[in-house]
Amino acid sequence: MSETNVLKKIVRNRMFFPLVCLALVLIINMIVTAAQGGSPLSFFEVRMIAETGTLAGPLITILNRASELVILAVGMTLVVSCTKGADISVGSVMVLSGAVSIWFLGFGQLQANNYHVSEYVVPYVVGLLAALIVGGICGLWHGFLVAKLKIQPMIATLILLIGGRGIAKVVANGQINHVDVPSYRWLGNTIQNADGVNPLLLPTPIFVAAFVVLVAALLLKFTALGMNIQSVGINDRSSRILGLNSVRIIFTVFVICGVCAAIAGMIATSRISSVDTQNVGKMIELDAILAVALGGNSLAGGRFSLAGSVIGAVTIQTLTTVLYSLSVSPDQLPFFKAIVVIIIVILQSPQLRPLLDKGVARVKNLFGINKQLFTDPQEVNQS
Amino acid sequence: MNFQKIAIGVTGVALFLSLAACAGDPVDKETPGGEVSTEEGYNLVPADTNGDGLITLGFAQVGAESGWRTANTDSFKSYFVPENGYELVFADANQDADKQKQDVRDLIAQGVEVINLAPVTDSGWVPILEEAKAAGIPLIVSDRQLMVDENLYLTYFGGDMEGEGKTAVKWLKDYIDAGAIADDINIVHLQGTIGSTAQKGRTKALDDAAPGYSWNIVAQQTGEFTRAKGQEVMESIIQQGLDFNVIYSENDDMTYGAIDALKAAGIDHKEKIIISFDGNKSAVQMVVDGDIDVIAECDPLLGPQIGGLIQDAMAGKKIAKITYSVEGFIDSTNAAEKLLTAFGS
């Protein structure tokens with residue numbers, strides 16, 4: 001009896017399905033690797049690159065490559081929860097922030113120097129702050145449109161989805177702007193000391209992502225922000241009647257989302273030490289929304305789980321890395337990705353859970369147990 | 001009741017689809033014998049029809065999406081000037097196919113004496129080409145080929161993507177024959193955006209040649225012509241522990257990314273043979289520095305060459321339907337010299 005309860009607790013935990021999805025992707029990888037004659041565990045190997053003093057391996061790659069998406073997913077989760085919509089401009093805000101920071105770093109010299117920054121005109125910190133401020137301003141703009149003018153979030157952020165990249169192109173003068181200062185690469189790759197060795201052992205983006213998640217988690221845990229966001233998301237009007245300043249809360253989530261996008265943009269441009277306004281952050285807004293959904297969060301707002309979104313983001317990157325490592329031919333890549341995403345989304349469907357219960361019940365009837373495992377009776381009543 | 005609704009819905013959808021199909025039809029009708037008359041051939045030749053002593057060239061350009069494109073535009077702007085006997089009317093489509101069609105109509109209405117079209121897309125051009133022809137304005141297609149009847153334009157001029165691939169393949173063959181590598185040749189192939197003209201041509205050249213020379217292609221993945229994807233894909237190839245000594249990367253940006261990934265993995269990229277395409281200034285500099293071994297050029301400086309074609313046509317010479325730009329390669333022997341004229345950043 002108590003065993004079933006523990007099982008029930010695990011299965012009904014919000015993290016259960018996101019983690020199942022992640023495990024599913026990893027298991028598929030192990031099976032295919034084994035079928036190809038490799039060791040099923042080769043995917044989990046971590047080794048040390050002696051020359052650079054950095055750990056490497058598929059798991060490290062996933063965490064490293066997922067960093068931008070994890071950071072975006074943090075901001076996106078809050079926006080989804082609070083506004084029942086999504087910020088679809090994050091990819092454009094990323095590239096705009098990156099372009100503005102490089103514009104500052106090479107202030108006035110870019111064109112003369114054939115769009116290369118060979119030394120900083122202003123300190124790096126100024127460039128970084130400029131990027132964060134741009135992200136914040138984009139957030140304020142969205143907050144204004146959504147909270148004050150009551151425009152639907154999807155439409156309000158559509159403006160910068162289209163316009164942001166356009167502004168970035170003007171800022172970058174339509175060219176790919178390069179930064180040749182070696183330390184510019186540190187944020188998106190690895191930090192290097194005088195011997196070319198990385199003292200942190202891991203690629204920097206992992207730390208940045210962890211830091212962002214930590215700050216967000218602490219903010220939500222130790223302030224009323226998390227509850228306020230959910231409250232506004234569940235019912236804007238009654239929250240206001242209760243005395244919550246819903247306008248300010250909506251502004252806050254969009255600013256957080258914009259700043260997250262700016263951080264992700266700084267990482268993405270640092271990875272390739274250049275800003276490619278055509279391609280940086282292209283379509284990443286969709287992956288960010290998918291991460292939130294895979295994390296078991298309802299896109300209709302309200303209750304949310306930050307951890308779920310983070311797992312969702314990591315799952316998406318795991319899928320990409322796994323497909324690369326299995327050498328899936330490029331024209332088939334979207335096909336496999338689509339299949340796995342379809343399976344995951346169906347697994348997440350609340351309508352599927354009663355069906356699962358029926359299936360489990362049939363099996364269990366053979367043993368004389370009849371308990372609902374996947375369905376939480378309360379949840380069903382709510383919906 | 002429900003059945004009726006469904007029936008109405010199905011009829012509606014069918015009607016919509018048939019309408020959509022009708023709307024699509026005239027655009028796709030590009031077969032000879034349809035609305036297009038093939039009998040008269042193409043006999044328009046550029047001429048100074050308004051007698052002002054200058055040939056007015058209308059240039060309908062794709063946009064300004066890359067360093068290559070900017071250099072391409074600049075080569076037209078600097079060549080088609082009054083000193084060379086030309087006047088240039090420039091129309092930038094901003095990568096919008098519909099705007100570009102309007103651009104060409106505007107050029108026709110303005111009465112330019114010859115049109116150079118670098119099309120955004122390769123379909124839907126028949127009615128507009130017919131309008132130009134009816135207006136007696138000769139039209140040159142440059143950079144990207146159109147799938148239309150050849151009686152609708154004077155000539156196509158541009159880069160030969162497969163030819164560039166062959167140039168790169170031949171360079172590698174010669175390099176190996178010269179005794180530079182004794183080992184097996186194991187190639188990592190970074191492809192461009194799947195389905196693009198450049199990817200198809202450059203991939204075909206390598207795919208055709210590799211079996212004959214018993215070169216192994218150990219990995220073939222798309223880096224979508226971007227530095228970020230090139231880096232990510234190369235990273236995963238390195239992690240698979242594949243043994244390779246040649247990288248065939250279908251543009252400069254992916255090459256930068258691949259070198260980033262090699263450096264991050266502590267692999268000396270100068271020990272690999274790195275083959276790139278296009279020839280941006282930074283890439284040519286990397287050839288000078290020994291980071292890249294060879295670049296198969298993709299020449300953006302089409303202006304003067306198209307000017308030459310127009311002169312030939314006016315002199316009554318027969319113009320071939322397809323002319324490819326003369327393109328070579330850049331390696332350590334000529335990189336320093338090529339750096340002076342390299343395009344982009």
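Just so we're clear, the structure is a prediction, and the values are computed from it rather than from any experiment. Throughout, protein chains are lettered first and strands after them, A, B, ... in sequence-line order, and every chain is numbered starting at 1.
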Could you tell me if the side chain of B:Lys263 sits less than 4.5 Å from the side chain of A:Glu51, heavy atoms only? no
Please check if atom CD in A:Glu119 has more than 12 non-hydrogen atoms from other residues, nucleotides or ligands closer than 6.0 Å. no
When the 4.5 angstrom heavy-atom criterion is applied to A:Thr320 and chain B, the contacting part is side chain
Can you sort out the partners of B:Ala97 under side chain to side chain contact (heavy atoms under 4.5 Å, CB included), two or more places apart, ordered by chain and number? B:Val120, B:Thr121
Among residues 178-188 of chain A, which residues come closer than 4.5 Å to chain B, judged by heavy atom distances? A:His178, A:Arg185
Between A:Arg65 and chain B, with a heavy-atom cut-off of 4.5 Å, which part of the residue counts as in contact: side chain, backbone, both or neither? side chain
What distance do B:Tyr256 atom OH and A:Ile176 atom CD1 have between them, rounded to the nearest 0.5 Å? 8.0 Å
Considering heavy atoms only, which positions within residues 54-64 of chain A lie below 4.5 Å of chain B? A:Gly57, A:Pro58, A:Thr61
Using a 6.0 Å cut-off, check whether atom NZ of B:Lys270 has over 12 heavy atoms from anything other than its own residue. yes
More than 12 heavy atoms of other residues, nucleotides or ligands under 6.0 Å from CZ of A:Phe207: yes or no? yes
Measure the spacing between CG of A:Asn114 and CD of B:Gln285 and express it to the nearest 0.5 Å. 11.0 Å
Below 4.5 Å, heavy atoms only, C-beta onward: do A:Asn279 and B:Asp253 meet side chain to side chain? no
Of all residues at least two apart in sequence or in a different chain, which pass the side chain to side chain contact (heavy atoms under 4.5 Å, CB included) check with B:Ala210? B:Trp215, B:Ile217
Look at B:Ser236, B:Gly230, B:Gly241, B:Ala219 and state which one has the largest set of heavy-atom pairs under 4.5 Å with chain A. B:Ser236
Please give me the minimum heavy-atom distance between A:Arg271 and B:Asp260, naming the atom from each residue. O-OD2, 4.2 Å
Shorter than 4.5 Å, heavy atoms on both sides: which option in B:Gln240, B:Glu232, B:Lys281 has the most such pairs with chain A? B:Glu232
Yes or no on side-chain contact (heavy atoms from CB on, under 4.5 Å) for A:Gln175 and B:Thr70, after CA distance, side-chain angles and deciding distance? CA-CA 9 Å; A:Gln175 304 285 330; B:Thr70 312; 3.4 Å; yes
When rounded to the nearest 0.5 angstrom, what is the spacing between CD in B:Gln239 and OH in A:Tyr324? 12.5 Å
